[in-house]
Amino acid sequence: MKKTLLFLIAATVALAGCASHQAQPTSVQNTYTEVCKNTTEQEIASLFDRWNQSLLTGDPHKVVANYAERSILLPTVSNQPRLTPAEKMDYFHHFLENLPSGRIDMRFIEIGCNTATDAGLYTFTFAKTGEEVSGRYSFTYHWTGSEWLITSHHSSAMPQKK
């Protein structure tokens, strides 16, 4: 009986010791590793060419297809920021009436992880009127996993005439 009692006490002490050394919950840190799209300045520069080609179609749907669903257009010839596809469509419907074609005069490209910015100066020629308008621009792009889309586009006329 004495041996059994000693065995039970020893077992209890041992189990108590094991219980005190159980793995304590640790904070598990969720790690998210974003895979960055490998790109070049040339690829980002070509996105303006894609956008400009869509202007030349005269189809506002094709122009708006360059923009992410959640994006902003701050256009040159409108005071209204365009947030929805319908608002962008309305803007480009009127903008395309004068048959615009753009060319880059000067640019600065910055590339990040799945984002890029192309900003600088451009000139539009309107085939319908022959008018040329120079402006400042910035496009920000986001890589969706399958394509680059515009997330913000700002355009403004040059403040001083040449």
Side-chain angles (χ1 to χ4, degrees), residues 23-162:
Q24 298 298 318
T26 58
S27 72
V28 176
Q29 198 171 17
N30 289 335
T31 56
Y32 173 72
T33 305
E34 186 173 15
V35 177
C36 299
K37 163 84 164 104
N38 188 20
T39 191
T40 63
E41 285 191 20
Q42 183 179 6
E43 180 179 16
I44 300 307
S46 75
L47 298 174
F48 174 82
D49 297 334
R50 177 185 75 179
W51 180 81
N52 195 43
Q53 289 299 316
S54 69
L55 291 180
L56 296 175
T57 69
D59 183 349
H61 293 90
K62 290 185 178 179
V63 180
V64 174
N66 292 292
Y67 293 81
E69 182 74 25
R70 183 171 155 70
S71 61
I72 186 169
L73 167 63
L74 299 169
T76 307
V77 294
S78 172
N79 291 331
Q80 178 188 348
R82 308 300 172 122
L83 297 168
T84 68
E87 290 171 339
K88 292 176 189 82
M89 193 83 62
D90 176 66
Y91 175 77
F92 284 114
H93 174 75
H94 297 292
F95 184 71
L96 295 174
E97 289 174 347
N98 289 320
L99 309 172
S101 174
R103 77 169 185 271
I104 299 293
D105 300 320
M106 173 264 162
R107 74 169 8 125
F108 176 81
I109 292 177
E110 181 74 22
I111 297 172
C113 180
N114 296 328
T115 61
T117 303
D118 178 0
L121 305 175
Y122 56 14
T123 300
F124 280 95
T125 303
F126 297 93
K128 190 171 184 180
T129 63
E131 180 184 12
E132 278 197 351
V133 176
S134 294
R136 299 175 289 190
Y137 75 89
S138 62
F139 288 96
T140 58
Y141 298 97
H142 176 73
W143 176 250
T144 67
S146 60
E147 65 180 332
W148 288 102
L149 291 177
I150 300 166
T151 54
S152 70
H153 175 192
H154 175 264
S155 182
S156 59
M158 294 299 284
Q160 298 173 359
K161 301 288 183 197
K162 290 183 179 182

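All heavy atoms count here, side chains included; hydrogens, waters and symmetry mates do not.
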Colleague: Kindly indicate whether the side chain of Leu47, heavy atoms from C-beta on, has any atom under 4.5 Å from the side chain of Asp118.
Modeller: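 SC-SC contact between Leu47 and Asp118 ruled out.
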Colleague: Might you confirm whether atom NE2 of His61 has over 12 heavy atoms from other residues, nucleotides or ligands at distances under 6.0 Å?
Modeller: no
Colleague: Would you call the rings of His153 and Tyr67 parallel, tilted or perpendicular if under 30° counts as parallel and over 60° as perpendicular?
Modeller: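 Taking Tyr67 first and then His153, their aromatic rings lie parallel (interplane angle under 30°).
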Colleague: Take Leu149 and His142 through the side chain to side chain contact (heavy atoms under 4.5 Å, CB included) test and state the conclusion after the steps.
Modeller: CA-CA 6 Å; Leu149 291 177; His142 176 73; 5.9 Å; no
Colleague: Determine the minimum heavy-atom distance between Phe92 and Leu73, stating which atoms define it.
Modeller: CE1-CD2, 3.6 Å
Colleague: Rounded to the nearest 0.5 Å, how far does CG of Leu96 lie from CZ of Phe126?
Modeller: 10.0 Å
Colleague: When rounded to the nearest 0.5 angstrom, what distance separates OG1 in Thr76 from CE in Met158?
Modeller: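 Spacing of OG1 (Thr76) from CE (Met158) equals 11.5 Å.
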Colleague: In sequence, state the C-alpha distance, the side-chain angles, and the governing distance for Arg107 and Tyr122, and then conclude on side chain to side chain contact (heavy atoms under 4.5 Å, CB included).
Modeller: CA-CA 8 Å; Arg107 74 169 8 125; Tyr122 56 14; over 6 Å; no
Colleague: Does atom NZ of Lys62 have more than 12 heavy-atom neighbours from other groups under 6.0 Å away?
Modeller: no
Colleague: Which pair of non-hydrogen atoms, one from Phe124 and one from Pro100, has the smallest distance, and what is that distance?
Modeller: CD2-CB, 4.1 Å
Colleague: Using atom types as modelled and distance alone, determine if a side-chain donor or acceptor of Ser46 lies under 3.5 Å from a backbone N or O of Asp49.
Modeller: no
Colleague: I need the Thr125 OG1 to Asn98 CG distance, nearest 0.5 Å.
Modeller: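 That separation rounds to 12.0 Å.
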Colleague: Hey, could you give me the OG/CZ distance between Ser152 and Arg70, rounded to the nearest 0.5 Å?
Modeller: 11.5 Å
Colleague: Would you please test Asn52 and Ser101 for side chain to side chain contact (heavy atoms under 4.5 Å, CB included) and show each step?
Modeller: CA-CA 7 Å; Asn52 195 43; Ser101 174; 4.1 Å; yes
Colleague: Is a donor from one side chain sitting under 3.5 angstrom from an acceptor on the other, for Thr117 and Thr140?
Modeller: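 There is no such pair (donor and acceptor under 3.5 Å, judged by atom type) between the side chains of Thr117 and Thr140.
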Colleague: Looking only at heavy atoms, which two atoms of Ala68 and Thr151 are closest? And how far apart?
Modeller: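 Closest heavy-atom pair between Ala68 and Thr151: CB-CG2, 4.2 Å.
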Colleague: Verify whether one side chain among Asp105 and Thr123 offers a donor that lies under 3.5 Å from an acceptor in the other.
Modeller: yes
Colleague: So, the side chain of Arg82 versus the backbone of Gln80: is there a donor-acceptor pair under 3.5 Å, distance only?
Modeller: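 Indeed, once roles are kept as given, a pair shorter than 3.5 Å links the two residues.
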Colleague: Once the angle between the rings of Phe48 and Trp51 is folded into 0 to 90°, is it parallel (under 30°), tilted (30 to 60°) or perpendicular (over 60°)?
Modeller: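 Because their plane-to-plane angle lies in the 30° to 60° range, the rings of Phe48 and Trp51 count as tilted.
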Colleague: Evaluate whether atom CD of Glu69 has more than 12 neighbouring non-hydrogen atoms of other residues, nucleotides or ligands under 6.0 angstrom away.
Modeller: no
Colleague: Please report the interatomic distance CG(Asn66) to OG(Ser71), rounded to the nearest 0.5 Å.
Modeller: 10.5 Å
Colleague: Any side-chain heavy-atom pair from Tyr141 and Trp143 closer than 4.5 angstrom?
Modeller: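 They are not in contact (no side-chain heavy atoms under 4.5 Å apart), so the answer is no.
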Colleague: Tell me whether the count of non-hydrogen atoms from other residues, nucleotides or ligands lying under 6.0 Å of CD in Glu132 goes above 12.
Modeller: yes
Colleague: Atom CD1 of Ile44 and atom CD of Glu110: how far apart are they, to the nearest 0.5 Å?
Modeller: 11.0 Å
Colleague: Over all heavy atoms of both residues, which pair between Thr40 and Ile111 is shortest? Give the atoms and the distance, please.
Modeller: C-CD1, 3.6 Å
Colleague: Relative to each other, are the rings of Phe95 and Tyr91 parallel, tilted or perpendicular (30° and 60° limits)?
Modeller: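 The arrangement is parallel - the two ring planes meet at less than 30°.
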Colleague: Under a 3.5 Å distance rule, please check whether Asn114 uses its side chain to pair with a backbone N or O of Val35 as donor and acceptor.
Modeller: yes
